[in-house]
Protein chains: 4
Amino acid sequence: MTTPDQGDARTAPRTTKGTRTRARILRVAAEVFAEHGYHDASIVKITEAADVGQGTFYLYFSSKQEVFEEVVRDLNQQVRHAMFEASSAETDRIAAERAGFRAFFRFAAQNPALYRIVRQAEFVAPQMLRWHYERIAEGYVDGLRTAQARGELAPIDPEVLAWALMGIGEIVGMRWALWEDDAPGAEEDRPDGVPPLVFEATMRLIERALAPERTGARVGPADATVPTAGPASVPATQEEQP
Amino acid sequence: MTTPDQGDARTAPRTTKGTRTRARILRVAAEVFAEHGYHDASIVKITEAADVGQGTFYLYFSSKQEVFEEVVRDLNQQVRHAMFEASSAETDRIAAERAGFRAFFRFAAQNPALYRIVRQAEFVAPQMLRWHYERIAEGYVDGLRTAQARGELAPIDPEVLAWALMGIGEIVGMRWALWEDDAPGAEEDRPDGVPPLVFEATMRLIERALAPERTGARVGPADATVPTAGPASVPATQEEQP
Amino acid sequence: MTTPDQGDARTAPRTTKGTRTRARILRVAAEVFAEHGYHDASIVKITEAADVGQGTFYLYFSSKQEVFEEVVRDLNQQVRHAMFEASSAETDRIAAERAGFRAFFRFAAQNPALYRIVRQAEFVAPQMLRWHYERIAEGYVDGLRTAQARGELAPIDPEVLAWALMGIGEIVGMRWALWEDDAPGAEEDRPDGVPPLVFEATMRLIERALAPERTGARVGPADATVPTAGPASVPATQEEQP
Amino acid sequence: MTTPDQGDARTAPRTTKGTRTRARILRVAAEVFAEHGYHDASIVKITEAADVGQGTFYLYFSSKQEVFEEVVRDLNQQVRHAMFEASSAETDRIAAERAGFRAFFRFAAQNPALYRIVRQAEFVAPQMLRWHYERIAEGYVDGLRTAQARGELAPIDPEVLAWALMGIGEIVGMRWALWEDDAPGAEEDRPDGVPPLVFEATMRLIERALAPERTGARVGPADATVPTAGPASVPATQEEQP
DNA sequence: AATGAATGAGAGTTCATTCAT
DNA sequence: TATGAATGAACTCTCATTCAT
């Protein structure tokens, strides 16, 4: 699945000044959406924070919804980049998982906007919500499939595996990276984004789930492949949107 | 954690007719919130759908926000009830998990409002969002702890375990119970709420993660308990809100 | 041609108070449209003049355009009523024409809004503009046809005749009833809406045009009937909209 | 009445290129006004259609209103030119009328903008509306007066006569030249701008109205001259605006 | 208990116009 | 000569809430 249509986007800025203004509005919009939520993030709030006139907003974005979608695209790109960077440096699967999860938790801890914004897509731009998750899953599935081929991974359908792991990251991150912001242990104490014990427990759980059959046993066709309705199993074209 | 404050709730209805009216508004409100989202679910839409005057709404609820919170409470109660009913009938932990997940997926498939409404709580009533998840986790943690005491479960911190499992259910349910609505296999083909292969793959993953150490070994204090910042570890008082 | 669709009109008021409020808004809207023109007649201006809140406007009209169309319908009904009343009292055709024109000019002199509003329909509600003229023409054609059958009228296609006469009334009225408002001779001096000499000249012109052939002569097929593309030749159902 | 003030017109272009740019904007503006109406014809629409920057517009016109007025002046000049050309070639009055009406209808059929733009002047530039009609009437009155002096015309006040004839042309043209655009008979079938039967009927009506008293009789001062409040009776200075 | 009329602040969006380049 | 970035007042319309009946 590629980036959804961008609709009636205004023409791109033609001068350097224009480019900077557009970028400033986009950045500020993400902050305002994260702080107030989509509906209470008025154009006035955004333009005031960006220190431009209201009309200037419409020079670069055709609507509030459009800027929201671009913000989601942006975040998606960032989080995927962070995870990809981290995990691709590792060689064995388990190490890659640790690195990937750590990267995700850290990103979540440092960008609370991730949760606060993506969640709102449900009603604001439903297709974006789905696109966001499927985009992350895509890249994941590939890695899992490769590891399975090498026998490094339990023979569980990689599609389900990818989504399940994403679910773990999502909720654990919400609970201990997002909500725990106000917690005692400050950021410097959490090199993994979440408290060390939580990180370790999470990883142990994942390692157990992913570990290939220890006793040679467990042969056979494992399980059939899950049929998917969407384009989720398309090979990931990581980083195509720089 | 107990039910959050209910604010300036209107006086309870005194007549049978009033009770019915209130119930009708509540039921309809859930539908309207699920269909349009909180912000686009106007009081007019709700009262028209409930076939009462606008003023009548304020006879029973003090604000739009209040009725939303009550809807969330209601859904939370329902989903916990469904899962509790199903899993408490089982004796061993793994069977209980299967039953619990199945119940959750089925509930999700039949009540899309669960996702569509709870997600919105993020900005509408943030404390409700947290309360909802913690409430579900609570009951879970108890069961896990007991199972661990009996050696039925791997010695992973039950708090983390509970949230991780919740995350799996959440995302897999979203992907295959909620989104797959438009999928080929109709409801009667999915006794588990999600396609059979997905259910089996999910359960296999969970079983592997939860299975106690096979090699007798693995003694000792396992891992320390994760410190929690919230009231999440309070023993569950299931069903206190009838 | 019947009244064009009324679109998404709000539900009619259900109480006496509501009925009065709606009527007040409608009356005031006509004044404001006449004074400022459609585009400069803001909802704020209308509601302030009607002494109601802005929201109240939308209780009874679904948009500015809708209230405009209703105003046009109203004016059309009034002017047709005035002309019909006056001319139907007369027996011979020429007398009826005098009475009809006099009624029209007087109406125009006393309701400058007629011109100022109808003209704007061109871009605001094009179908209303056409409907307005066709509606007036309709009634006219019938009367002419009857008079022709009785030999009271020159055998000119009544459809063309009707529109041509309407054109005369329109422009002469604009020139001497509308624009001459600021003229020396005040209203009491113009029992015909326009200055006496103008009225007489206009009528002499019309009488000459309509008079049947004086010399018995003039035989033959007169002229063929003009083909019309619209429903303009449908018999008038005068006054169906009281 | 001479051309109304032209306000704060920008300095005339000094280069050939500038002259062309200005002309292009003017031409395009007429099209855009005709298509969208004054209020919906934004400067952006005009400048985009003319393929110039927004700022360029203000190099040649000081405001939207100003360009509108110039467009009206232009149209007025064109329509008068067309009518003058046609009728001045004829010698007797009736032939001149036929030629003038034919020219007008043809112009209207080929320049729908005539109606669509002039009508809007009512609120945009009221003095222009009056000026437009008076300008056309002027030339007319002269011709009529001359014809009357020669006994070719019924002794009806020429001022009233001129406006009445203009009204006939206006409405018949609107009905059968403008609206009938979508009609069966295509343009090549209407050498007179309107369907032949309509043209003949209209002309017969006019001939009857204008024909001088057949019985030599008709003595006396005919009718007095209508007093006019405006400058409408000023002799026409045809074509002073090249 | 029930209603619908009334409100007005505030939302998103447009656009004629200015100005630095 | 030509441009496009920038503006902000003003627009239409919505909606949670109040209140008299």
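Because the structure is a prediction, the values reported are computed rather than measured. We use all heavy atoms of the structure for the numbers below, so side chains are in, but hydrogens, waters and symmetry mates are not. Each chain gets a letter, A, B and so on, in the order the sequences are listed, and its residues count up from 1.
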message: Quick one: does any side-chain atom of B:T19 pair with a main-chain N or O of B:T15 as donor and acceptor, under 3.5 Å?
response: yes

- prompt: More 5' along DNA chain F: A:G18 or D:G53, using each one's nearest nucleotide?
  reply: D:G53

Paired and unpaired positions of DNA chain E as dot-bracket, Watson-Crick or G-U wobble under 3.5 Å, | denoting a partner strand: .||||||||||||||||||||

Whole angstrom value for the distance that separates C1' of E:dG4 from CD of B:E48: 12 Å

query: Quick one: does D:R24's side chain have a donor or acceptor within less than 3.5 Å of a partner on D:A50's backbone?
result: yes

- prompt: Between atom CZ of D:F61 and atom OG1 of D:T56, what is the distance when rounded to the nearest 0.5 Å?
  reply: 12.0 Å

- prompt: CZ of D:R20 versus P of F:dT1: gap in Å, rounded?
  reply: 14 Å

message: Can you tell me if A:Y58 touches the phosphate of E:dT14, counting only side-chain N or O atoms and a distance under 4.0 Å to OP1 or OP2?
response: no

message: With the threshold set at under 4.0 Å for non-hydrogen atoms, list the residues of residues 31-45 of chain A touching DNA chain E in residue-number order.
response: A:A41, A:S42, A:I43

field: Nearest-angstrom distance from the residue atom CD1 of B:I46 to P of F:dC15
entry: 12 Å

- request: Scan residues 29-43 of chain A for pairs that pass side-chain hydrogen bond (donor to acceptor under 3.5 Å, both in side chains), counting only residues two or more places apart or in two chains.
  value: A:H39-B:H39

message: For a quick test of reading the model, state the closest non-hydrogen atom pair linking A:F123 to B:G37 and the distance between them.
response: CE2-N, 3.2 Å

message: I'd like to know if B:Q54 reaches the base of F:dT17 with its side chain such that a donor and an acceptor end up less than 3.5 angstrom apart.
response: yes

Distance-minimising heavy-atom pair for B:L75 and B:A113: CD1-O, 3.9 Å

field: Nearest atoms (heavy-atom pairs only) where C:I117 meets C:A30
entry: CD1-O, 3.4 Å

message: Please report the interatomic distance CD(A:E69) to CD(A:E66), rounded to the nearest 0.5 Å.
response: 7.5 Å

query: Would you say F:dT1 has OP1 or OP2 under 4.0 Å from some side-chain N or O of D:T21?
result: no

- prompt: Looking at A:K17, does any N or O in its side chain come under 4.0 Å of the phosphate oxygens OP1/OP2 on F:dA5?
  reply: no

- request: Provide, to the nearest angstrom, the distance between the CZ atom belonging to A:R22 and the P atom belonging to F:dA6.
  value: 13 Å

- request: Examine distances only and state if a side-chain atom of B:Q65 and a backbone atom of B:V124 form a donor-acceptor pair shorter than 3.5 Å.
  value: yes

query: For DNA chain E, whose closest nucleotide is more 5', that of C:G55 or that of B:D51?
result: B:D51

- prompt: Is there a salt bridge (charged side-chain N to carboxylate O under 4.0 Å, His left out) between C:E70 and C:R22 once you walk through the steps?
  reply: CA-CA 12 Å; C:E70 183 142 347; C:R22 192 194 133 95; 2.4 Å; yes

message: Would you say A:T56 places a side-chain N or O within less than 4.0 Å of OP1 or OP2 belonging to F:dT7?
response: yes

field: Nearest-angstrom distance from the residue atom CG of A:L59 to C1' of E:dG12
entry: 16 Å

C:Q65 CD - F:dC11 P separation (whole Å): 18 Å

statement: Rounded to whole Å, the CZ-P distance (A:F61 to E:dG12) equals 15 Å

task: Among the candidates F:dT12, E:dA6, F:dT3, find the nucleotide nearest to the side-chain atoms of D:V52.
output: F:dT3

- request: Whole angstrom is fine here: how far is it from CZ in A:F57 over to P in F:dA5?
  value: 16 Å

